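Because only heavy atoms are used, hydrogens play no part in the values below, and waters and symmetry mates are left out as well, while side chains stay in. Below, chain A is the first sequence line, B the second, and so on; all start at residue 1. Fair warning: this is a prediction, and the values are worked out from it, not measured in the lab.
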Protein chains: 2
Amino acid sequence: MKKLRIKDIADGLKISKTAVSFILNGKAEEKRISEELVERVEKYIQEVGYRPSPIARGLRTGKSNIIGLMVESISDPFFATIARLIENEAYKEGYRIIYCSTDNDTEKTKELINVLKDRNVDGYIISPPPGVEKEVNELIKAGMPVVMFDRYLPKVKTDYVVIDNEPSAENATKYLIRQGYSNIGMITFSSSLTQMKGRLKGYKNALKEEGLKPYVLEIDFTPEEKVMVQTIREFLVANPKLDAVLFGAIQAGSCGLKAMTQMKLKVPEDLAVISFDDHDIFELFATPVTAIAQPIEKIAHKVIGLLLDRLDAEGGAAEPREVVLKTKMKIRGSSVVKNSKKYLESK
Amino acid sequence: MKKLRIKDIADGLKISKTAVSFILNGKAEEKRISEELVERVEKYIQEVGYRPSPIARGLRTGKSNIIGLMVESISDPFFATIARLIENEAYKEGYRIIYCSTDNDTEKTKELINVLKDRNVDGYIISPPPGVEKEVNELIKAGMPVVMFDRYLPKVKTDYVVIDNEPSAENATKYLIRQGYSNIGMITFSSSLTQMKGRLKGYKNALKEEGLKPYVLEIDFTPEEKVMVQTIREFLVANPKLDAVLFGAIQAGSCGLKAMTQMKLKVPEDLAVISFDDHDIFELFATPVTAIAQPIEKIAHKVIGLLLDRLDAEGGAAEPREVVLKTKMKIRGSSVVKNSKKYLESK
DNA sequence: CTGAAAGCGCTAACAC
DNA sequence: GTGTTAGCGCTTTCAG
C-alpha cells in the first residue's frame, strides 16, 4: 500500500485533479461543482484513506497549519500545562503545535524563531526572553500573528496575556502585614522580564505604604538547584530579623523551603511564607503553603483564542489586545496570624 | 529583505545552482568541488543569511529532520522532563522534535501517527498506549526507526528503554517487610501496560515469598483527581488492617497522600508509604516520602541515542535492542522501621 | 565544475 | 465542470 497522491484520486474517479483539489479545499461551491460529485469524492477519499501531503501543500501555499510555541522550558510544570491545554484547543481547529524551549536565552530564541520561520509556521505563541524585540517585530511586520504570555516585551505591539502581577504581590504583602508580620523579605529571580518586575514592584508598594523596610534577594536562575538553595540560606542567615518571605516564583519557593528545612527553620513560626504559583501538592507539605495561583486554564484558553482569532482574521492587523487576568491567593497554613493561638499551639 | 533561494546564491556568486546544492549537502568532495569555492560559498551564505527551505527539501527527499515524540501527556512532569532532555540532544544533531500527547487513547494515537507520517517525520519515540501494535508494526515495516520507552508493546519488535519494574517493586515490598510491616497494600492504575503489570507482579512476588496476603487496588486514571482520591479513601476504609502501601505511580501516590491527609492518617505511624517515581519536593512533605526514582536523564539519553543510532545506520534493520535500567530507592521517613524508636518518639 | 532538466505533491490561474 | 500548465524550492542525474 503505497502513498496516494491527488492524481490517484482523480484517476480512480475518472475526474480531474483540479476538481479534487477544489473539493479538498472547500471551494466546491465557489467553483460550481455539483454536490453529487463532492459526495462521491469525499466518500472515495474516505474509502481509500487518502490524506493530502501537508508538505507539498505547504511548499505551494506557504501555510503549514502549524503553530510555534516557545516557552522557557517545556519541563516547567506551568509551561507544560499551558502547552498541553493549547495543544488540545489548537488540535480541534486543525492546527498542530511545535514546541521549543528557549532556556530564556536570547540567542537560542533568535535561532529558534528562524527554525520556525523556515518551517513556515502560521503563528507564534511566545513567552519571550529579553532582547528579542527586533526579531519579534520583524515577524509582526511580515504579517505573522504573534501572541505573548506570562511576560511581554513592552516595545513590541502585539497581543499578550499576563496576570496582574503587581496587585497580586501587593495584596499578598499587605496580607502578611495584616497577619502581623513586619520584616517581610522577597526572594525572586533577577530578571528584567515584566512579570518579575511587576511582582517586585507590588511588594515594594505595599511596604512603602506601611513604612516598612524591604529585604530583597534577587537570585540568578540556574538549573543547579543547590546553588540557589545555598544563596537563599546565606540571605536568611544575613537577615535574621525576617519574619516572613514572599517568593516570586515557584522555583524560588521550592528552593527557599528546602533552605529553610535544612536550617531547621519552622514555617510559619520562624518564617511565614507565601509563594507565587500554586501546585496541588503544596497541600501535602509539612505546613501547607499559601500560594498565588495563576488561572492556568484561562491563560491557555485566552492565548490560543487570540491567536486563532488572528489566524482567521487573515488580513487586517487588528489593534494589539492586552489581556490581564486575575490571580487567586490560596490561603494555607504558612501565613497564619503571627503569634496566633494556632501558631502558639503548634510549638 | 525577501526570502532567499538557492538560485539567488548561485546568481550572486555567478556559479551554478548545482554546485551550491552539492556544497550545502556536504557532497563537495565527492563531486570534486574545489575547497576554494566551498569556502567562498559558505562565506557568502553566512553573509546574506541564506537558509535552505526544509519544506522544499522535505518534499524532494522525503526526509524532514523531525522526530515525532508521543507521550501520554506532555504536562506530566516525568514526560515533560524526558521531552526536554531529548529535545536538547536531538537539537545538537540537527533534529527538531514534534511532541504530542496521546492521553493513552488508542484511537487518538493512531490518528497522531498518521499526522506524523504525513509530516514525514524521520523517526518515532513512543510511549505507547495499548492497541496500537498494528500501526507501529507498519511503521517499522516501512523502515521507520521507532523507539519505545516507559512501557513497550510485547508484540512489537523494536528498541525500547524501560526500568526494571518488577525487581524494583519486589525490592520495595521486601524492604517494607523487613521494616516490620506485614499488611502491605498496593495502589496502582489498572492498566495492561507492561510497566504497571511489572510493578504489580514484583509486589506479589515479594508477598508470596513471605506468605503474606496481597491487598490490591487498581484505579482507573482520570483527570478528575477527586474521584481517584475518593476511591483510595474507600479502599483504605475497607482495609483497616493495612499498615503499609506501595503506590504504583506518582499520581497514585499523590492522590493517596491526599486521601490519607483527609482521613487524618499519619505517615508512617498509621500507614507506611513507598511510591514509584520521585520528585524532589517529596523531601518537603510532612513526612518525606520514600520513592523509587527512575533514572530520568539516563532514560532520555538512551532513548535518543538508540534513535539517532538507527537514523545514522540508514539501511540495516538491526536487531531490536531492549534496554532495562535500574531504579534507585530513595529511603525517607515514610517507611521507617515499624514501632521503631524514631516512630515512637514522633508520637 | 556547469547547465539543463525532471520531479517531489499540491494549488490555482487560464482557456475551454 | 475539465484539462493543462506553471511553479513553490530543492535534489540529483546526465551530458558536457
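Here dG9(D) presents its P atom at 10 Å from CZ of R60(A), a figure rounded to the nearest Å. In this structure, the CZ atom of R32(B) is 17 Å from the C1' atom of dC14(D), given to the nearest Å. For the pair D8(B) CG and dC8(D) C1', the computed distance is 14 Å after rounding to whole Å. Rounded to an integer number of Å, the gap from D11(B) CG to dA4(C) P is 11 Å. Between K7(B) atom NZ and dT12(D) atom C1' the separation is 18 Å, expressed in whole Å. What separates CD1 of I15(A) from C1' of dT4(D) is a distance of 16 Å, to the nearest Å. Rounded to whole Å, atom C1' of dG3(D) lies 14 Å from atom CD1 of I6(A). Across the protein-nucleic acid pair, L24(A) atom CG and dA12(C) atom C1' stand 14 Å apart, rounded to whole Å.
Closest to the side chain of R5(B), out of dG9(D), dG9(C), dT2(C), is dG9(D). With distances taken from any side-chain atom of K27(A) to the nucleotides dT12(D), dC10(C), dA12(C), the minimum falls on dA12(C). For N25(B), the listed nucleotide lying nearest its side chain is dT11(D); candidates were dT11(D), dC10(C), dG3(C).
Between S21(A) and the phosphate of dA12(C), there is no side-chain N or O to OP1/OP2 separation shorter than 4.0 Å. Between R57(B) and the phosphate of dT11(D), there is a side-chain N or O to OP1/OP2 separation shorter than 4.0 Å. For S53(B) and dG9(D), the shortest distance from a side-chain N or O to OP1 or OP2 is not below 4.0 Å. In this structure, Y50(B) does not reach the dG9(D) phosphate: none of its side-chain N or O atoms is under 4.0 Å from OP1 or OP2.
Among the heavy atoms of the strands, none lies under 4.0 Å from I55(A). In this structure, L59(A) reaches the bases: a heavy-atom distance under 4.0 Å links it to at least one base atom across the strands shown. As judged by a 4.0 angstrom heavy-atom cut-off over every strand, K17(B) is placed among the base-contacting residues.
A side-chain donor from one of R84(A) and S73(B) sits under 3.5 Å from a side-chain acceptor of the other.
With hydrogens and angles ignored, a donor-acceptor pair under 3.5 angstrom links the side chain of T18(A) to the base of dT4(D).
What you find for A83(A) and I74(A) is that their closest heavy atoms are CB-CD1, 3.8 Å. Shown here for S16(B) and A10(B), the closest heavy-atom pair between the two residues is C-CB, 3.7 Å. In plain terms, the two heavy atoms of L85(A) and E297(A) that are nearest each other are CD1-CA, 3.8 Å.
Here the side chain of R151(A) pairs a donor or acceptor atom with the backbone of P128(A) at under 3.5 angstrom.
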